[in-house]
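Throughout, a chain's letter reflects where its sequence line sits, starting with A, and its residues are numbered from 1.
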Amino acid sequence: NAGVTQTPKFQVLKTGQSMTLQCAQDMNHNSMYWYRQDPGMGLRLIYYSASEGTTDKGEVPNGYNVSRLNKREFSLRLESAAPSQTSVYFCASRGTGGTEAFFGQGTRLTVV
Amino acid sequence: AQSVTQLGSHVSVSEGALVLLRCNYSSSVPPYLFWYVQYPNQGLQLLLKYTSAATLVKGINGFEAEFKKSETSFHLTKPSAHMSDAAEYFCARGGNMLTFGGGTRLMVKP
C-alpha cells in the first residue's frame with residue numbers, strides 16, 4: 001500500500017540547473033498538490049490540480065511549472081533553480097469533499 | 001484570501017500537563033478543518049478532521065479539537081502530554097486549495 005510516492009528524496013542542484021520532482025499516488029484521488037516547507041513558514045502551496053487535465057497556481061508559483069500527466073502522476077519542474085528554492089517539497093493527494101490529504105515523504109532540495 | 005493562523009510557533013509543556021495548540025481560520029462559511037502532525041524528517045500524518053458532523057472531534061493518540069464557529073477557532077488539546085508527542089503540528093483549512101497555518105512546534109519536558 002504505497003500511498004503517495006515522491007522521487008527523489010534528496011537532491012543538490014547548482015544555480016541555473018533544472019530538474020523535475022516526481023509524484024505518484026495509487027489511491028485514485030482527483031486532487032493533487034505541491035507544497036514547499038521552510039522553517040517558520042509552514043507549508044505553502046505552489047500548485048495544485050483539482051482533476052486530471054487541470055492545474056492552478058497556489059500561493060508561491062513563481063519559478064515552478066507543473067504537469068498533471070494522468071490521474072496518478074503530478075510532477076513539479078524547476079526550470080532554472082535558484083538558492084531561494086532550497087526547501088523541502090511535499091506532494092499530497094486528496095479525494096473529494098471533506099476528505100483529508102495524504103502526503104509523500106518529501107524531497108529535500110538544496111540549490112548551491 | 002482564506003487563511004489559517006496558528007498562535008505560538010513554539011509551545012513547551014511538562015510531561016503529564018495539558019497540551020493546547022491554537023488555530024484560527026478565516027472563512028465566511030464553516031470550512032473543512034484538519035490537524036496534522038509531523039515528526040522529524042517525515043511527511044505529515046492526519047491527527048483529526050472536522051467536516052461538520054460534530055463540533056468536538058476526537059483523533060489519534062488522545063488528541064481532540066473543538067470547532068467554535070463564533071470564535072472561528074479549532075484548537076487542539078490533549079489532557080496529558082507524553083514525550084512521544086514532541087513534534088510539529090499543523091492546522092489546515094480545506095476547500096479545493098488546502099491551506100496550512102505556520103505550524104507549532106511542541107516540546108515536552110520530562
Side-chain angles (χ1 to χ4, degrees), chain A residues 1-7 9-10 21 23 25 27 29-51 54-61 66 68 74 87-109, chain B residues 1-11 21-25 27 29-55 57 59-60 63 65 67 74 87-105:
Chain A
N1 197 7
V4 179
T5 303
Q6 289 183 236
T7 55
K9 289 187 168 49
F10 301 93
L21 281 64
C23 175
Q25 53 95 5
M27 294 172 283
H29 286 163
N30 286 324
S31 299
M32 296 187 73
Y33 305 82
W34 276 106
Y35 292 91
R36 60 177 289 172
Q37 183 179 22
D38 303 290
M41 304 192 75
L43 277 78
R44 292 183 292 169
L45 183 63
I46 304 171
Y47 272 93
Y48 70 102
S49 171
S51 62
T54 67
T55 60
D56 286 286
K57 294 179 180 179
E59 183 184 355
V60 289
V66 291
R68 183 73 182 267
F74 189 40
S87 188
V88 181
Y89 291 84
F90 286 99
C91 177
S93 72
R94 186 168 173 229
T96 55
T99 57
E100 67 268 28
F102 292 82
F103 284 80
Q105 290 298 297
T107 296
R108 189 172 296 274
L109 175 67
Chain B
Q2 308 290 357
S3 68
V4 177
T5 303
Q6 291 182 242
L7 186 62
S9 59
H10 292 80
V11 169
L21 305 181
R22 299 178 187 272
C23 173
N24 288 88
Y25 65 92
S27 177
V29 295
Y32 301 121
L33 294 166
F34 307 87
W35 276 100
Y36 285 85
V37 61
Q38 184 182 34
Y39 299 102
N41 299 314
Q42 294 189 25
L44 278 72
Q45 64 183 81
L46 183 72
L47 274 179
L48 50 80
K49 63 181 179 182
Y50 168 76
T51 57
S52 78
T55 56
V57 182
I60 63 171
F63 284 93
F67 173 74
F74 190 56
E88 189 152 21
Y89 293 80
F90 293 94
C91 182
R93 178 197 173 281
N96 275 345
M97 292 174 61
L98 190 60
T99 304
F100 284 81
T104 297
R105 184 168 298 279

With rounding to the nearest 0.5 Å, note down the distance linking OH in Y32(B) to CZ in R94(A).
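It is 8.0 Å, given to the nearest 0.5 Å.
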
As an exercise: rank L46(B), L44(B), T51(B) by heavy-atom pairs under 4.5 Å with chain A and give me the winner.
L44(B)

Kindly determine whether F100(B) and Q37(A) satisfy side chain to side chain contact (heavy atoms under 4.5 Å, CB included), including the steps that lead there.
CA-CA 10 Å; F100(B) 284 81; Q37(A) 183 179 22; over 6 Å; no

Hey, does the side chain of Y48(A) reach the backbone of L98(B) with a donor-acceptor pair shorter than 3.5 angstrom?
no

Measure across [X] and [Y] and return the closest heavy-atom pair with its distance rounded to 0.1 Å.
X	Y	value
F90(A)	Q42(B)	CZ-O, 3.8 Å
M97(B)	Y33(A)	CA-CE2, 4.3 Å
N41(B)	R108(A)	OD1-NH2, 3.4 Å

Can you tell me which of S31(A), G106(A), A50(A), A101(A) forms the most heavy-atom pairs within a distance under 4.5 Å of chain B?
A101(A)

Is chain B contacted by the side chain of L45(A), its backbone, both, or neither, given a heavy-atom distance below 4.5 Å?
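Only the side chain of L45(A) comes within 4.5 Å of chain B.
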
Region of Q38(B) in contact with chain A, defined by heavy-atom distances below 4.5 Å:
side chain

Given that the side chain runs from C-beta out, which part of E88(B) has a heavy atom under 4.5 Å from chain A: side chain, backbone, both or neither?
side chain

